[in-house]
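Step one of this worksheet: look at the structure below.
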Amino acid sequence: MDPAMREYTFHEVKGPPELQYSMGGSVCAFLTVMVLCMSLHGSTADESYSGGDSDEAPMDKSEKVALYSAIRGFVGDWWNGSDLYPDPCGWTPIQGVSCDLFNGQWSVTSLNIGPVHDNSLVCSENPLFTPHMFHLKHLKSISFFSCFVKPAQTLPSDIYWDQFPGSLESVEFRSNPGLTGGIPGSFGRLLNLQSLVILENGLDGVLPTSLGSLSGLKRLVLSGNRFTGTIPDCLGAMPDLLILDVSGNSLSGPLPPSIGDLISLLKLDLSNNMLQGKLPSELGKLKSLTLLDMRNNQFSGGLAESFQGMELLEELVLSGNPLGGKLDAIEWKNLKSLTVLDLTATGMSGEIPRTFSQLKKIRFLGLSNNSLSGYLPQKLESLPCLSSLYINGNNLTGKIKFSPGFYSRMGRRFGAWDNPNLCYPIDELGPTNFPYRVRPCGQQEEEEREMLWDSIPRGKLLDSGYGGARGDFHFLHPLGFSSNGVDGIHPGNFWLDVMLLSVVLNNIL
């Protein structure tokens with residue numbers, strides 16, 4: 001349904017109040033100075049309009065009517081521009097409105113509504129789109145920030161957006177939770193559009209396939225809305241696109257192979273959706289990509305081997321996907337620009353590749369909450385830029401062989417807890433430099449021995465008269481228990497010795 005449209009009566013402003021007084025001596029003096037200045041410059045009014053002093057150029061009356069009426073629709077009827085002189089593009093311009101000269105007259109080229117600056121135009125409680133905005137014939141950029149808060153306002157229908165001439169290059173709607181409905185299909189007919197940002201609004205529905213017609217688009221940000229359905233295959237028909245961000249929606253289905261046709265892409269953010277299926281090998285064609293964020297989806301099928309061809313990739317975030325597979329599916333040494341690698345909770349198994357030590361620019365390495373096994377490569381300590389390493393929640397084993405300086409540098413940004421068979425050498429580290437919530441080596445074995453000793457029914461054995469009142473058993477010494485003076489095994493209690501040994505072995509096995 002189209003939004004309500006309304007007309008406004010425009011009252012032309014004659015000038016600021018301070019000029020509206022009777023003609024006295026000071027006014028005559030002012031006019032005399034003005035005439036003298038004009039004669040000194042040797043220019044006429046017509047000459048200034050055609051390229052002279054742009055501050056004296058007029059604004060076409062229809063342009064002024066359209067601008068004032070559009071602004072009143074957003075900010076309220078109280079606004080009439082009475083403090084502007086001689087017009088919105090003159091000496092006292094409107095914050096958020098930019099102008100340029102066309103055929104010697106001012107025209108609006110940019111309209112920004114919302115509390116960006118202290119003196120910005122702020123929307124009323126019930127802002128409205130009026131038809132007048134679409135009559136600004138030289139408009140290149142429109143932006144609405146935190147304007148539509150109360151539900152539910154919809155974007156104007158196709159019939160209005162089709163009125164825009166080919167001048168429009170940028171459309172932005174940011175933080176408008178009351179803005180609902182879908183993206184007008186006519187957006188795909190704004191053929192000179194270079195930036196379309198619809199960020200954190202209340203828009204829903206499927207992504208229109210007409211967006212694929214915007215072949216000159218360089219930035220497409222649709223994050224933080226309620227869009228559903230699949231990512232249209234036609235989005236691959238944007239060879240100049242630099243940024244594609246559709247994160248924070250409810251998009252589902254597989255990622256279309258045509259995504260690999262976005263050969264100019266620098267940033268691709270698909271995070272926090274419900275996308276699924278195997279990662280397409282065509283992603284490897286994005287040779288210019290620096291950011292790939294696909295966290296919190298349902299992708300599966302392991303890591304795409306084609307990732308290793310992205311030599312310029314700086315941030316690879318795949319956490320929260322049931323990918324499965326092993327880390328060594330990729331030659332990590334080829335990703336020499338990588339600074340962030342987050343594979344948290346991706347179902348990875350196998351060992352941590354030693355080639356991780358060749359990621360010389362890596363700052364963040366997240367491998368927690370997987371099924372990784374084997375030893376922790378000591379060479380990870382030598383990574384010069386590493387500031388965060390998380391390997392907690394795995395099945396790693398053995399001794400952590402990092403130096404005290406590593407723990408001092410990393411602090412709590414090194415997470416290795418919840419690896420039951422991982423320990424650190426307490427005798428090699430100081431009292432303060434040790435991994436958080438990781439047990440010292442040897443502690444587990446001692447605890448197991450104490451539990452085993454406590455589980456043996458020593459009271460019954462003591463009643464048999466074997467071993468004396470102290471219950472000391474020399475034959476348990478090889479099993480880790482101390483001997484306190486009983487030499488050998490009493491021949492008269494051979495079967496009792498066998499039974500005791502059986503109890504101990506059962507507890508061990």
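Throughout, residue positions are numbered sequentially from 1 according to the sequence presented.
- More than 12 heavy-atom neighbours from other residues, nucleotides or ligands sit within 6.0 angstrom of CZ on Arg413.
- The environment of NZ in Lys336 is sparse: at most 12 heavy-atom neighbours from other residues, nucleotides or ligands sit within 6.0 Å.
- Sorted by first and then second residue, the pairs that involve residues 395-405 and meet side chain to side chain donor-acceptor pair (under 3.5 Å), not counting sequence neighbours, are Glu381-Ser403.
- In this structure Lys267 satisfies the salt bridge (Lys or Arg N to Asp or Glu O under 4.0 Å) test with no other residue, sequence neighbours excluded.
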Checking Phe414 against Val438 for the side-chain contact (heavy atoms from CB on, under 4.5 Å) test, could you report, in this order, the C-alpha distance in whole Å, the side-chain angles of both residues, the deciding distance, and whether it holds? CA-CA 11 Å; Phe414 173 60; Val438 177; 5.7 Å; no

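- Within the 3.5 Å criterion, the main-chain N or O of Ser223 finds no donor-acceptor partner in the side chain of Ser247.
- The number of heavy-atom neighbours closer than 6.0 Å to CZ of Arg437, taken from other residues, nucleotides and ligands shown, is above 12.
- In this structure, Asp342 and Arg295 have side chains that are not in contact, with every pair of non-hydrogen atoms separated by 4.5 Å or more.
- Two residues are said to be in side-chain contact when any heavy atoms from C-beta on lie closer than 4.5 Å; Asn273 and Phe227 fail this criterion.
- Between Asn394 and Met348, every side-chain heavy-atom pair lies at or beyond the 4.5 Å cut-off.
- Atom CD of Glu305 sits in a sparse spot, with 12 or fewer heavy atoms from other residues, nucleotides or ligands closer than 6.0 Å.
- Residue Leu312 qualifies as enclosed at atom CG: its count of foreign heavy atoms under 6.0 Å is above 12.
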Where do Phe173 and Asn225 land on the side-chain contact (heavy atoms from CB on, under 4.5 Å) test, with the steps shown first? CA-CA 11 Å; Phe173 292 92; Asn225 290 279; over 6 Å; no

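- Looking at heavy atoms from C-beta onward, Leu128 lies in side-chain contact with Gln153 at the 4.5 angstrom threshold.
- Leu279 is listed as a side-chain neighbour of Met294, based on a closest heavy-atom distance under 4.5 Å.
- Under the 4.0 Å criterion applied to side-chain N and carboxylate O atoms, Arg219 and Asp245 are not assigned as salt-bridge partners.
- Heavy-atom minimum distance, Phe364 versus Tyr390: CE1-CE1, 3.8 Å.
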